[in-house]
Amino acid sequence: MAASLSHASYSATFISSASKVTVSQPSRFSPSFKASTFSPLTAKPLNSTFTPHARRAVTTIMHATSTPSSIPSDTSTKTFHGLCYVVGDNIDTDQIIPAEYLTLVPSNPAEYEKLGSYALIGLPSSYATRFIEPNESKTKYSIVIGGANFGCGSSREHAPVALGAAGAKAVVAESYARIFFRNSVATGEVYPLESEVRICEECRTGDVVTIELGESRLINHTTGKEYKLKPIGDAGPVIEAGGIFAYARKTGMIPSR
Amino acid sequence: MASSLVSPSPIPSFIGNKKSLGSSAFPATSQIAIQKCKKQVSKKIVSVMAPQQSERKPATTGSVKTGMTMTEKILARASEKPQLTPGDNVWVNVDILMTHDVCGPGSIGIFKKEFGENAKVWDREKVVIIPDHYIFTSDERANRNVDILRDFCTEQNIKYFYDIKDLGNFKANPDYKGVCHVALAQEGHCRPGEVLLGTDSHTCTAGAFGQFATGIGNTDAGFVLGTGKLLLKVPPTLRFVMDGEMPPYLLAKDLILQIIGEISVAGATYKSMEFVGTTVESLNMEERMTLCNMVVEAGGKNGVVPADSTTFKYLEDKTSLPYEPVYSDAQASFLSEYRFDISKLEPLVAKPHSPDNRALARECKDVKIDRVYIGSCTGGKTEDFLAAAKLFLASGKKVKVPTFLVPATQKVWLDLYTLPVPGSGGKTMSQIFEEAGCDTPASPSCGACLGGPKDTYARMNEPKVCVSTTNRNFPGRMGHKEGQIYLASPYTAAASALTGYVTDPREFLQ
């Protein structure tokens, strides 16, 4: 599990400028439970070597396994490039995937695809340009740009799954609701990235953007503007591996199948 | 590895400490954070609140044990650690994992895929499976999903599976309960001091019992099914102190709408909400459940109410498992404290389309409505129906709009038909509802709170205006995207049904 929150990977931007930064050393973790198929990550540095596997159509450039530095998440050359789809604040899970589609089971491959075809179908009609065209089942927008509290509402994992199944690679929002964020990482379906300013007010649906994960940067080619993103930190390797289970296998936390 | 973060930091990590301010929050920090979220909050009722204060956490020098909040203590015990601080990531032993028909099949799919087709759950007595969302429908996939649950429970010999087979007559199913969060409480699965996780955002409801309860997704649930553990980050706690006698026209729903309206739908993101004070102590268990139920609507991770004699009495005939309540230390650190003078509060609604779009019910009296919905884990419990019945009784009149009643569980349904309503001369709630012209109480389930399949009873299939005792009113929540949902207490819902407009219950209850 990506448990260690190493301080080294933060950008030096804090909400409060008044705070002192004191970070204690990661404590040694000793497990005491007895689940037989599970052994936790014991004091293993998160820069362990593993080769990222290609996930669906994500452009993954093989990067060197990281140096034994204290930077845990080495997604230095990962980029996303494509059209962006812009939404507002408080996009709740009912708008991302309306409840009537929750009879579709995400772990069923055919139903997973169907879920994708309904991604963001719950957005009001004020969104004239739809995320997925009426007769399509995939989106042409690989990046969703949102405002505050993206993904609020239900705990339904169908929400990040629908976005990922539709073809979205990343969401860049001002802030997230916690269950949606957690689900995005656990499933590895989309990268839940955070912007530092309200880029949802400066980007338009259809703008061409590039996200450089390692640089924590978003470039809007249509407007020519660049934006700093908050580093994805320890969530990066988990999503890149394909979610918590895949990550746990890669890092030897649970046995390979 | 668990690392202890003492500073506020915007770390994006999958553990999820999004904008946690850490426990050394300075007033400036919390002000900034609150400002960010305060976009649409009405500033009308601030007079009832004392300005929030933040408490600085005393310096930790390692060997000195600092006080912990209830949530910190529960997680400390569950992770077998003597001391925890907000921001710590810890492996927590799970006491109960709950799932239902919407998320269960997905969680089971992940469990089997990751742990093997023949894997066994970590503890057949700690997994509680409660079909409740899409039950009374002819939707084939929805019906299939209940079958998937049944097959799994049979194969795993799950002890608590509240099954339903005869969809035409819920009473013909002795095991079937209904809405999961109410069933968990009624069947004695909620116990002080424990950790309860569920694949539903309103799992936080169980915090009313003084336990840590929160919602998780299918993947996390699949992980818990196999291991009985989950990696959680310890949230800092916001404390809400409510003192004073509860006025006869207010219910717990009004209290939580007040709070959400104050701090916004993201005001408690990644935080715990602790509810204390004499008013809270005066609430019965179901009212406390309503309070904790909507913690998630403020973005909260979990809500807690300290266990007391009311809790113990409720649990007496429901569970025989031992439990050990925990309480916040006197010297525990809270991120902020909010104080309310209950006597100054008035009945509220949350206007479309957000649970934090707070308004006084009396200021919405010109809003014409098309229907009223009384149901869900938030407002479909016995106490909720009792409240509605009392108001109908006091008025003696008939409703002017279709009024849908959806009891949360079989037990609630039975109460409607058997419990005498105080002051009615022995009438039952069902009789009072019938006399008032309400619809016949429906089969117990989540019903139209979240829309559901198109044939769900009381689903909003056309754009209508509805006053509802449910928990969310985002666009499309009850079905139609242009539907307008006013969230309200059962008193306010009943009053509105009688006039055909959003109505302050004091019109009938003084």
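Within every chain, numbering begins at 1; the chains are lettered A, B, ... in the order of the sequence lines, protein sequences first and strands thereafter.
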*Give, as side chain, backbone, both or neither, the part of B:Asn218 having an atom under 4.5 angstrom from any heavy atom of chain A.*
both
*Answer with side chain, backbone, both or neither: which region of B:Thr203 has an atom nearer than 4.5 Å to a non-hydrogen atom of chain A?*
neither
_Report which part of B:Lys112 has an atom under 4.5 Å of a heavy atom belonging to chain A: side chain, backbone, both, or neither._
neither
*Heavy-atom pairs under 4.5 Å with chain B are the metric here; pick the option from A:Gly122, A:Pro106, A:Pro98 that has the most.*
A:Gly122
*Name the region of B:Glu140, side chain, backbone, both or neither, that has any atom closer than 4.5 Å to a heavy atom of chain A.*
neither
*Looking just at side-chain N and O atoms, do B:Ser272 and B:Asn302 make a donor-acceptor pair shorter than 3.5 Å?*
yes
_If we define contacts as heavy-atom pairs under 4.5 Å, which of A:Glu111, A:His158, A:Arg156 has the most with chain B?_
A:Glu111
*asked:* Does any backbone or side-chain atom of A:Leu123 lie under 4.5 Å from a heavy atom of chain B? Answer side chain, backbone, both or neither.
replied: backbone
_Side chain / backbone / both / neither for B:Lys481 at chain A, heavy atoms under 4.5 Å_ = side chain
_Ring-ring centroid check B:Phe111 A:Phe245, cutoff 6.0 Å_ = no
*NE2 of B:His181 to OG1 of B:Thr205: how many Å apart, nearest 0.5 Å?*
5.0 Å
*Option that, when pairs with chain B are counted at under 4.5 Å, heavy atom only, ranks first among A:Asn108, A:Val105, A:Ile179*: A:Val105
*asked:* At a 4.5 Å cut-off on heavy atoms, which part of A:Ile121 comes close to chain B: side chain, backbone, both, or neither?
replied: backbone
*Could you tell me whether the side chain of B:Asp220 reaches within less than 4.5 Å of the side chain of A:Ile244, counting heavy atoms only?*
yes
*asked:* Using heavy-atom distances under 4.5 Å, tell me whether B:Val296 contacts chain A through its side chain, its backbone, both, or neither.
replied: side chain
_B:Asp88 side chain to B:Thr85 backbone, donor-acceptor under 3.5 Å_ = yes
*Would you say B:Thr99's side chain and B:Thr199's backbone share a donor-acceptor pair under 3.5 angstrom?*
no
*asked:* Just so I know, are the side chains of B:Arg477 and B:Cys449 near enough to count as touching, which here means a heavy-atom distance under 4.5 Å?
replied: yes
*For the candidates A:Thr103, A:Asn183, A:Asp92, A:Thr93, which exhibits the highest count of non-hydrogen atom pairs separated by less than 4.5 Å from chain B?*
A:Thr103
*asked:* If you define the side chain from C-beta out and look only at heavy atoms, does anything of A:Ile211 sit under 4.5 Å from A:Leu218?
replied: yes
_Quick check on the interface: out of B:Gly104, B:Pro355, B:Gly228, B:Gly452, who has the most heavy-atom pairs with chain A under 4.5 Å?_
B:Gly452
*asked:* Out of B:Asp101, B:Ile148, B:Asp200, B:Asn143, return the one with the most heavy atom pairs under 4.5 angstrom to chain A.
replied: B:Asp200
*asked:* Take a 6.0 Å sphere around NZ of B:Lys120 and say whether it holds more than 12 heavy atoms from other residues, nucleotides or ligands.
replied: yes
